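Following: one structure in C-alpha cells, then a few remarks.
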Number of protein chains: 2
Amino acid sequence: MRRAAHQPRRTIADVARAARVHPSTVSRALNDGAVLRDETRKRVVRAARRLDYRPSAVARSLRLQRTLTLGMLVPDIANPFFPPIIRGAEDVALSCGYALVLCNTEDVPEREATYLRVLRQRQVDGLLIASSRMSDAVITRLRRERFPFVLVNRSARGAELTVTVDNRRSAAEAVGHLAALGHRRVGHIAGPQSTTTGLERAEGARLAIGRHGLAADAALWIEATAFSEEEGYRCARVLLALGRRPTAIFGANDLIAVGALRAIRDARLRVPEDVSVVGFNDIRQAELLEPPLTTVHVPQYEMGAAAARLLIARLGGDPIPESHLVLPATLAVRASTARASSAAGVA
Amino acid sequence: MRRAAHQPRRTIADVARAARVHPSTVSRALNDGAVLRDETRKRVVRAARRLDYRPSAVARSLRLQRTLTLGMLVPDIANPFFPPIIRGAEDVALSCGYALVLCNTEDVPEREATYLRVLRQRQVDGLLIASSRMSDAVITRLRRERFPFVLVNRSARGAELTVTVDNRRSAAEAVGHLAALGHRRVGHIAGPQSTTTGLERAEGARLAIGRHGLAADAALWIEATAFSEEEGYRCARVLLALGRRPTAIFGANDLIAVGALRAIRDARLRVPEDVSVVGFNDIRQAELLEPPLTTVHVPQYEMGAAAARLLIARLGGDPIPESHLVLPATLAVRASTARASSAAGVA
DNA sequence: CGCCGCACGGAAATCGATTGCACGGCACGC
DNA sequence: GCGTGCCGTGCAATCGATTTCCGTGCGGCG
C-alpha cells in the first residue's frame, strides 16, 4: 500500500541529479571533509539548499548503526523534582546533536520493562535512568550486555556510571540542623526503602540521631510507600498522633515534606512554632511555600546535564573508567524550621 | 571504523538461519497474518525467542516510511501545567505503539526552528504542538506541506486539528464569579497577547467586565510578558500600588496568580479578605496553596490524551475533516476568593 | 489422466544514506 | 616518453527489515 506522502521528501538521489554528480559525492560534500573540488562541493551545497534537502536520519541511522538518540527513564514527570533534571539532560543532548526520548515509568516494573524494550528496539544509543526503583537485576543485565547507561540520582550495585549527591551526609546535615535548634524528638518520614535515595537518607538521618543523642524512639521513624505528597500527609498524621509527638519532622523529599506541612496545619498546629519541617531536593516550589521550606538543595539541572555529558562521552568511545559523580548538596535554611519550643513535645 | 558492538544484535537473517527458512518467511511469521504453515510459524517464533530477536525499528522505519514516533513541542516542562498534558499524550502514544520525543522550546523561535528541523529530519510521523508562541507562519508552512500536527491548548489560523478549552467563556465565568461576590474593581493580569490563550482570556475578561458593569479602568489591565510566577508578582505589585487598588485580581494562568498571591502577601494584605485572586488552568498545586486557589479547571491529562488520539487517527489515514475539540473547563471555587469587603478598594 | 489453482516459501528489489574500492586523467620525475 | 602517484569521482556493497513476484509441489476436479 502506497502511503500518502505528506511532503515530497527529497532524497540524496534528487540532489545528485540536480547537481549532476553521483549520490556518493553528495554525501561527501555534505558530510566529511573528503577531498572534493571546491566547485563541485559548492554545486552540491547549492542544489541541496535549493531542494530543501534534509538527509533522512533513519537511513543514516541504519547505515551508521547509531541513532543519535538517548532514552531517559523517569518515574514521574509531574513530580517537580524531575523537570529541571530533564531540562539539563535535554540541553546537553541537543547541543551534542542527540535527541531525547522521555519515558514515565511510574516506578512500575512492567512499564519499565516495556519502555526498555521499546527503547532498545528503537536502538537508542544510551540510557539515562532516573527511575529509582528499577531493580538491580535489570541494571545488571544492561551492564552485562554492555549497553551504555548512566544512573541519575540513584545508584546500584552494577552501575559504572552514576551522578548523585551524598544523600547520607546531607540527610545527616538536615537532622543536625534540627538538633542544633534544640529539637530532641525528630520524626523521619523515610522514602521507600526499596530505593537507594530513600535508604541512604534514612541511614543519614539515623546516623545523625545517634551522633547528636536524639530520641531513638522507633515510633518516630515511618516509611512512606512513595515519594508523594499524599504519603507525606498520611505518615505525618501518624507521627502527630503519637502520645509524645515530634517537635520536628524530616521528610525524605520535598513532596513528603509538603504533605507533612498540610497535615500539621490540619492538626491546627503551626510551622515552625509547633513543629519544624525539613525536606530534601529543593524543588522550585519549596521556596514559595508558606512558610518557605528548609530543605537540602540538590543541583537538579546540573545533575541532568552532567549525566548526559557522561553518557555522551561514554558513547564517544573513549573507554571511560568507573565514574561516580557526586554533586554538592547543601542545606538551604528557610522559615519552616525554628528553635524547639519547650512547650511542644508533650501531648 | 568499526564501532564496538555493545550487544551482538540479532538480525532477521540470524533467525532465518536458526529456523532454516528464508528471511522473508521470518518477517511473515512475525508480522502479518500471511498464509504460513503452522509448523513453520512455530519454528520461526521459537527461534526468534531463543535468540532474543528484536526487529530493528530503524530498518523497519526506513522500509515502511514511518517511524511510529511523535514529536511534542512544549514551552517548558518545568511549568506544572504541562506535565499532565504530556502524560496524557504519552499514555495514548505508548498504547498505540508510538514513542514520544519531547522538546522544550522555551517559546524561543530559534529553538522551535531547531527542534522542528531535528524532528522532521528524524521523520517523526506527526507533531503535538503545545508551544504557545509558535508563529502562524510556521504553522501555515506545516499545513502547506501537509505535515500532520495537532495544536494543544492553543489555536492558529492555519490549523485543522486543535484541542483546547473555551478560554473566552471560562475567563468570563471567572470574572463573573468575582462580580457575583460584589467586586467592582477587578484587575486582570493578562498573559502575553502574542499567545492565543493570553488573548482569548483577556477578551473573555473584558467581555465580562462590560457585561457586569465593572470598573473599566485601563489601569486595572496589565499584560505580563510571560506566563510565569515572576511576571505575576511584578504585575500584581503594579496593580496593588494603584491609588484605588483592585479588590480582586484575575491572573491569566495559575503561575501568574501564585505570583500575585505572593505580591499581595508581601504588601501585608490578606487573601481573600483584602484581595481575591482567581487563576486559570488548575495546576495540581493550586489546591494545595495557602489559601487554595480559585481557578478554572482545565482537563490537562485529557487534553494531551485527546490530542494524541486525534493525531494518531489522522496518521491512520482516514481523512479526518477539520476537527476543533473544545474540552469542558469549569470554575473551581476555593478559598482565594470571597465577598468584597466595603473597606477595601480605597488606598 | 491431465490441467488448474492454491498454499508455501524462496529470490530479489527496495527504503536512503555511507564508504571502500577502482578507475580515469593529469602532473611530475627519471 | 613512459611509469608512478594522487586527485576527484563514480560504482556497488551495505545496514536490516518488508514486500512483490515467482517457482514448486500438491490436491482436486473435470
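Labels below follow one simple rule: chain letters A, B, ... track the order of the sequence lines, proteins then strands, and each chain is numbered from 1. Only a predicted model underlies this, so the values are computations on that prediction, with no experimental measurement involved.
Note on B/T40: only backbone sugar-phosphate atoms sit closer than 4.0 angstrom, heavy atoms only; bases stay farther off. Within 4.0 Å (heavy atoms only), A/R37 reaches sugar-phosphate atoms of the nucleic acid but no base atom. Note on B/V21: only backbone sugar-phosphate atoms sit closer than 4.0 angstrom, heavy atoms only; bases stay farther off. Counting non-hydrogen atoms under 4.0 angstrom, A/S27 reaches a base of the nucleic acid.
Taking atom CZ of residue B/R41 and atom C1' of nucleotide C/dA7, one finds them 13 Å apart after rounding to whole Å. Protein atom CZ of B/R60 is 15 Å distant from nucleotide atom P of D/dG16, rounded to whole Å. Rounded to whole Å, the distance from CG on A/L62 to C1' on D/dT18 is 13 Å. One atom, CZ of B/R43, and another, C1' of C/dG9, lie 11 Å apart when rounded to the nearest Å. Atom CZ in A/R63 sits about 5 Å away from atom C1' in D/dT14, given to the nearest Å. What separates CZ of B/R10 from P of D/dA17 is a distance of 12 Å, to the nearest Å. As a whole-Å value, the separation of A/L51 CG from C/dA17 P is 12 Å.
Set against C/dG16, C/dG10, D/dC11, the side chain of A/R28 has D/dC11 as its closest nucleotide.
For the pair B/S24 and D/dA17, the criterion of a side-chain N or O lying under 4.0 Å from OP1 or OP2 is not met. Look at A/Q65 and you'll find a side-chain N or O under 4.0 angstrom from OP1 or OP2 of D/dG16.
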